[in-house]
There are 2 protein chains.
Amino acid sequence: MKWLSTEEQAAWRAFLHATTLLEDHLDRQLQRDAGMPHMYYALLSTLSETPGRRMRMTELAEKTKITRSRLSHAVARLEGNGWLRRESCPSDRRGQIAVLTDAGYEELVRTAPGHVTAVRTAIFDRLSPDQVKQLGEISQIIADGLHEPEGADVPWLR
Amino acid sequence: MKWLSTEEQAAWRAFLHATTLLEDHLDRQLQRDAGMPHMYYALLSTLSETPGRRMRMTELAEKTKITRSRLSHAVARLEGNGWLRRESCPSDRRGQIAVLTDAGYEELVRTAPGHVTAVRTAIFDRLSPDQVKQLGEISQIIADGLHEPEGADVPWLR
DNA sequence: AGCATTTTATTGAATCTTCAAAAGTTTCCC
DNA sequence: GGGAAACTTTTGAAGATTCAATAAAATGCT
């Protein structure tokens with residue numbers, strides 16, 4: 001059993017603090033200005049960038065790295081707000097398609113500047129271009145490692 | 001209004017994915033192996049490193065970057081598990097002190113190796129020593145920026 | 001075709017977090 | 001001393017997330 005080195009411990013602690021504070025900060029900012037938590041905003045934002053502003057539920061869940069269950073609950077709530085609507089998928093009768101409504105798009109247009117400013121102020125205004133590059137690379141490595149579960153339950157059957 | 005550059009957008013997206021997946025992964029790991037979410041584990045872990053394995057509520061909340069309310073609920077739950085107990089503070093009758101019990105310490109001893117392995121596998125085994133250093137520095141900068149709220153409501157009165 | 005398996009999406013219950021309000025205590029200042 | 005203001009912690013309700021179970025539809029296999 002190998003423990004963390006002093007440097008690793010320090011980095012891990014700082015990382016935990018940064019992510020905890022940042023999540024809290026952005027959730028608060030968006031809850032105040034847009035009436036939704038950060039993840040819900042991310043769903044609208046993701047949809048806004050797709051052709052037709054629509055996406056299959058599973059695809060949207062994968063793109064935003066959340067579970068299908070979480071997405072179902074979130075979409076139900078956002079649909080209640082009128083920012084999203086569901087359509088059934090023509091090619092697969094199990095499928096549902098989440099569609100960003102005009103009202104949802106307007107809400108995004110209205111709140112995006114404030115959110116981007118919050119992100120910029122918290123992160124990018126404080127980092128050098130090289131640090132931004134480093135952060136991107138490091139994040140990518142971590143995300144890649146978690147994207148497809150590594151150790152399956154029965155590795156000897158792989 | 002200044003938007004994010006292409007590099008910044010890419011970094012931000014990767015960072016969001018990494019933190020979302022990582023949080024989910026570690027919560028799941030600890031829920032399975034220790035019966036508690038990651039933040040609760042962090043509370044026990046933080047307490048275990050203090051003299052007397054005890055800390056005032058507010059201090060513990062600040063050290064772990066969570067709200068007092070969240071801490072109160074968490075401590076109530078962990079107390080129910082027998083991993084923590086409350087003592088009243090002798091010098092300040094408002095104060096409560098969270099104390100790690102022996103059972104709590106044992107639980108930590110039992111589950112720490114698995115958790116450290118999970119953290120190592122997800123992060124530190126994948127990064128170069130320089131990247132670990134970079135991650136620590138970048139995280140520190142972000143955390144520092146959020147630690148004391150920057151823009152007060154009335155900056156002209158500061 | 002027929003039947004088991006897999007995939008998609010949702011649901012409800014339990015748990016966790018946030019927010020605002022509350023009660024008790026200490027501090028500040030005159 | 002006395003009263004306002006600030007601080008510490010808890011509480012309950014509302015909202016969010018997880019997990020396991022469910023239903024419906026597609027796919028695979030023989």
Side-chain angles (χ1 to χ4, degrees), chain A residues 19-44 54-81 84-99, chain B residues 19-44 54-81 84-99:
Chain A
T19 52
T20 304
L21 288 168
L22 185 60
E23 232 198 318
D24 197 51
H25 182 67
L26 294 182
D27 266 337
R28 221 174 233 104
Q29 183 266 317
L30 280 167
Q31 195 67 60
R32 174 166 49 78
D33 299 343
M36 61 187 138
H38 186 208
M39 185 55 77
Y40 288 27
Y41 176 92
L43 292 174
L44 300 189
R54 65 185 57 229
M55 209 182 289
R56 276 287 292 268
M57 293 294 283
T58 292
E59 198 188 351
L60 183 53
E62 284 167 0
K63 192 135 193 161
T64 51
K65 317 299 179 196
I66 63 176
T67 62
R68 295 182 181 90
S69 171
R70 189 176 177 181
L71 180 61
S72 269
H73 288 292
V75 164
R77 195 274 219 189
L78 290 169
E79 193 170 31
N81 279 285
L84 224 61
R85 102 180 91 85
R86 284 157 156 124
E87 288 182 7
S88 41
C89 180
S91 62
D92 184 340
R93 277 192 302 183
R94 295 168 303 182
Q96 289 287 99
I97 299 176
V99 186
Chain B
T19 52
T20 303
L21 289 167
L22 186 60
E23 232 198 317
D24 197 50
H25 181 66
L26 294 181
D27 266 337
R28 221 174 233 104
Q29 184 265 318
L30 280 167
Q31 196 66 59
R32 172 166 50 77
D33 299 343
M36 61 187 138
H38 185 208
M39 186 54 77
Y40 288 26
Y41 177 93
L43 293 174
L44 301 188
R54 68 184 56 228
M55 208 181 289
R56 276 285 293 270
M57 294 292 283
T58 292
E59 198 188 350
L60 183 53
E62 283 167 1
K63 192 135 194 162
T64 51
K65 316 298 178 197
I66 63 176
T67 63
R68 289 159 200 195
S69 171
R70 187 176 178 181
L71 179 61
S72 269
H73 288 293
V75 164
R77 196 272 219 188
L78 290 169
E79 194 170 30
N81 281 284
L84 225 61
R85 104 180 91 84
R86 283 157 157 125
E87 289 183 6
S88 41
C89 179
S91 63
D92 185 340
R93 277 191 302 185
R94 294 168 302 183
Q96 289 286 98
I97 300 177
V99 185

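Values in this document were obtained by computation on a predicted structure and should not be read as measured data.
OP1 or OP2 of dA9(C) has at least one side-chain nitrogen or oxygen of R56(A) nearer than 4.0 Å. Of the side-chain N and O atoms in R86(A), one or more sit less than 4.0 angstrom from OP1 or OP2 of dT10(C). For R28(B) and dT18(D), the shortest distance from a side-chain N or O to OP1 or OP2 is not below 4.0 Å. A close approach under 4.0 Å does not occur between any side-chain nitrogen or oxygen of R93(B) and OP1 or OP2 of dG24(C).
Rounded to an integer number of Å, the gap from NE2 of H38(B) to P of dT18(D) is 15 Å. Rounded to whole angstrom, the span from the CZ atom of R32(B) across to the P atom of dT15(C) amounts to 19 Å. For E23(A) and dT17(D), the CD to C1' distance is 12 Å, given to the nearest whole Å. Rounded to whole Å, atom P of dT10(D) lies 12 Å from atom CD1 of I66(B). If you measure from atom CG of D27(B) to atom P of dT17(D), you get 12 Å, rounded to the nearest angstrom. For I97(B) and dT9(D), the CD1 to P distance is 9 Å, given to the nearest whole Å. Remark: P of dT18(D) and CG of L30(B) are 14 Å apart, rounded to the nearest angstrom. Computed from coordinates, the R70(A) CZ to dA13(C) C1' distance equals 18 Å when rounded to whole Å.
Contact of H73(B) with dT18(C) (side chain to base): a donor-acceptor pair of N or O atoms is detected under 3.5 Å.
When the nearest nucleotides of DNA chain C are assigned to S72(A) and P37(B) by heavy-atom distance, the more 5′-ward of the two goes with S72(A). Toward the 5′ end of DNA chain C lies the nearest nucleotide of E62(A), the other residue of the pair E62(A) and Q31(A) mapping further downstream. Between M36(A) and S69(A), it is M36(A) whose nearest contact on DNA chain D lies nearer the 5' terminus.
Atom CZ of R85(B) and atom CD1 of I97(B) lie 10.5 Å apart (nearest 0.5 Å). Atoms CZ and OG1, from R28(A) and T67(B) in turn, are 7.0 Å apart once rounded to the nearest 0.5 Å.
When distances are taken from the side chain of Y40(A) to each of dA16(D), dT26(C), dT17(C), the shortest belongs to dA16(D).
Of all the heavy atoms in A98(A) and L60(A), the pair that sits closest is CB-CD2, 4.1 Å. Of all the heavy atoms in L71(B) and M57(B), the pair that sits closest is CD2-O, 3.0 Å.
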Protein N or O to nucleotides 27-29 of chain C N or O, pairs below 3.5 Å:
none

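The residues K65(A) and D24(B) are annotated as not salt-bridged, no charged nitrogen and carboxylate oxygen being separated by less than 4.0 angstrom.
In the model, R93(B) has no side-chain atom that pairs as donor or acceptor with a side-chain atom of S88(B) under 3.5 Å.
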List the steps and the verdict of side-chain contact (heavy atoms from CB on, under 4.5 Å) for L43(A) and I66(A). CA-CA 10 Å; L43(A) 292 174; I66(A) 63 176; 4.1 Å; yes
